[in-house]
Amino acid sequence: QKEVEQDPGPLSVPEGAIVSLNCTYSNSAFQYFMWYRQYSRKGPELLMYTYSSGNKEDGRFTAQVDKSSKYISLFIRDSQPSDSATYLCAVSSGGSYIPTFGRGTSLIVHP
Amino acid sequence: GAVVSQHPSWVICKSGTSVKIECRSLDFQATTMFWYRQFPKQSLMLMATSNEGSKATYEQGVEKDKFLINHASLTLSTLTVTSAHPEDSSFYICSARTGSGDGYTFGSGTRLTVV
């Protein structure tokens with residue numbers, strides 16, 4: 001079993017839709033949870049960073065962590081074509097900050 | 001915010017030649033940098049951890065003699081792919097941690113094509 005599982009998609013939605021992206025992980029020791037956005041042929045950029053369980057909101061983006069079920073989510077409200085990218089989840093433990101990445105979900109927001 | 005500058009952004013080389021990729025932290029000091037490899041539609045795979053002034057730590061299965069890493073200063077780390085072969089063609093990305101547990105800043109990546 002991989003440490004982080006993420007559906008690669010692609011996920012295609014119309015502009016304005018609410019997008020839900022998800023990952024599951026296997027190691028309960030993970031304490032830090034991150035979402036990165038990666039445009040084609042570019043390096044990933046950090047979108048959201050959360051510690052432990054709960055929700056975190058930043059503009060149109062909401063990150064949610066449920067440690068009891070080892071499930072993390074990223075919600076995008078009022079999605080825009082410019083949101084079209086690959087979204088990677090990442091997890092890391094408190095003792096080591098090197099993140100383990102999911103394979104990424106390709107999101108396409110069409111006008 | 002913190003910026004990691006990586007170049008070249010793309011390179012084509014012939015089999016058997018060597019290619020050097022540079023990563024610079026522009027407005028912060030990076031005692032540690034990380035080198036990743038990413039195949040199409042695949043996750044980032046950590047290749048090695050580069051420590052300023054000491055030898056790099058390689059992940060299992062990564063040939064240290066093929067992927068030479070040098071981290072001679074607090075702002076510069078280089079990855080040299082030696083005797084490149086077509087199977088080395090990939091997207092290589094560096095990153096550095098910019099704060100205590102608050103995520104990583106990535107370079108823009110280098111697409112290497114070996115012909």
Side-chain angles (χ1 to χ4, degrees), chain A residues 1-11 21 23-26 29-52 56 58 61 63 72 74 85-108, chain B residues 1-11 21-26 30-51 56-60 79 89-113:
Chain A
Q1 181 186 12
K2 291 185 178 179
E3 285 195 296
V4 183
E5 297 277 3
Q6 185 175 12
D7 188 331
L11 176 63
L21 303 166
C23 286
T24 58
Y25 62 95
S26 58
F30 291 131
Q31 298 286 337
Y32 299 88
F33 307 93
M34 294 150 277
W35 284 96
Y36 287 84
R37 178 174 61 196
Q38 185 177 22
Y39 291 111
S40 180
R41 304 186 183 219
K42 296 292 184 183
E45 56 177 325
L46 181 65
L47 269 182
M48 301 285 285
Y49 168 84
T50 55
Y51 171 73
S52 196
K56 184 175 183 179
D58 184 0
F61 299 89
I72 57 177
L74 177 70
T86 297
Y87 291 80
L88 300 106
C89 62
V91 298
S92 69
S93 64
S96 167
Y97 292 106
I98 301 175
T100 300
F101 288 86
R103 61 186 298 183
T105 298
S106 175
L107 171 67
I108 302 168
Chain B
V3 175
V4 174
S5 175
Q6 181 174 350
H7 67 91
S9 56
W10 61 272
V11 58
I21 302 169
E22 291 190 352
C23 268
R24 295 181 183 272
S25 55
L26 294 187
T31 55
T32 303
M33 282 196 179
F34 304 90
W35 287 94
Y36 292 85
R37 185 173 180 175
Q38 186 179 35
F39 291 105
K41 299 187 179 181
Q42 296 296 317
S43 183
L44 296 165
M45 298 302 299
L46 181 65
M47 298 175 65
T49 301
S50 162
N51 300 296
T57 303
Y58 291 82
E59 295 299 301
Q60 190 173 10
L79 168 67
S89 299
S90 189
F91 194 56
Y92 294 87
I93 313 173
C94 63
S95 76
R97 187 157 64 91
T98 54
S100 175
D102 62 356
Y104 290 72
T105 296
F106 285 83
S108 55
T110 298
R111 182 160 302 283
L112 170 64
T113 302

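Chain naming here is simple, since letters A, B, ... match the order of the sequence lines and numbering starts at 1 in each. In this text the structure is predicted, and so the values were computed from the model without any measurement.
- The minimum heavy-atom distance between B:Ser43 and A:Gly102, with the atom names listed, is OG-O, 2.7 Å.
- Partners of B:Arg37 according to the salt bridge (charged side-chain N to carboxylate O under 4.0 Å, His left out) rule, which considers only residues two or more places apart in sequence or in another chain, do not exist here.
- Not a single salt bridge (charged side-chain N to carboxylate O under 4.0 Å, His left out) links B:Glu59 to another residue, sequence neighbours left out.
- Taking 4.5 Å as the limit, every side-chain heavy atom of B:Ile93 sits out of range of all side-chain heavy atoms of A:Lys42.
- For A:Gln38, the part sitting under 4.5 Å from any heavy atom of chain B is the side chain, from C-beta outward, and nothing else.
- In this structure, no portion of B:Gln6 lies under 4.5 Å from any heavy atom of chain A.
- Proximity to chain A (any heavy atom under 4.5 Å) is shown, for B:Ser9, by neither the backbone nor the side chain.
- No part of A:Pro8 comes within reach of chain B, as not one of its non-hydrogen atoms sits under 4.5 angstrom from that chain.
- Separating the CD atom in B:Gln38 from the OG1 atom in A:Thr86 is a distance of 8.0 Å, to the nearest 0.5 Å.
- In this structure, the side chain of B:Tyr104 engages the main chain of A:Ile98 through a donor-acceptor pair within 3.5 Å.
- With hydrogens and angles ignored, the 3.5 Å screen pairs no side-chain donor or acceptor of B:Ser108 with any backbone N or O of A:Gly43.
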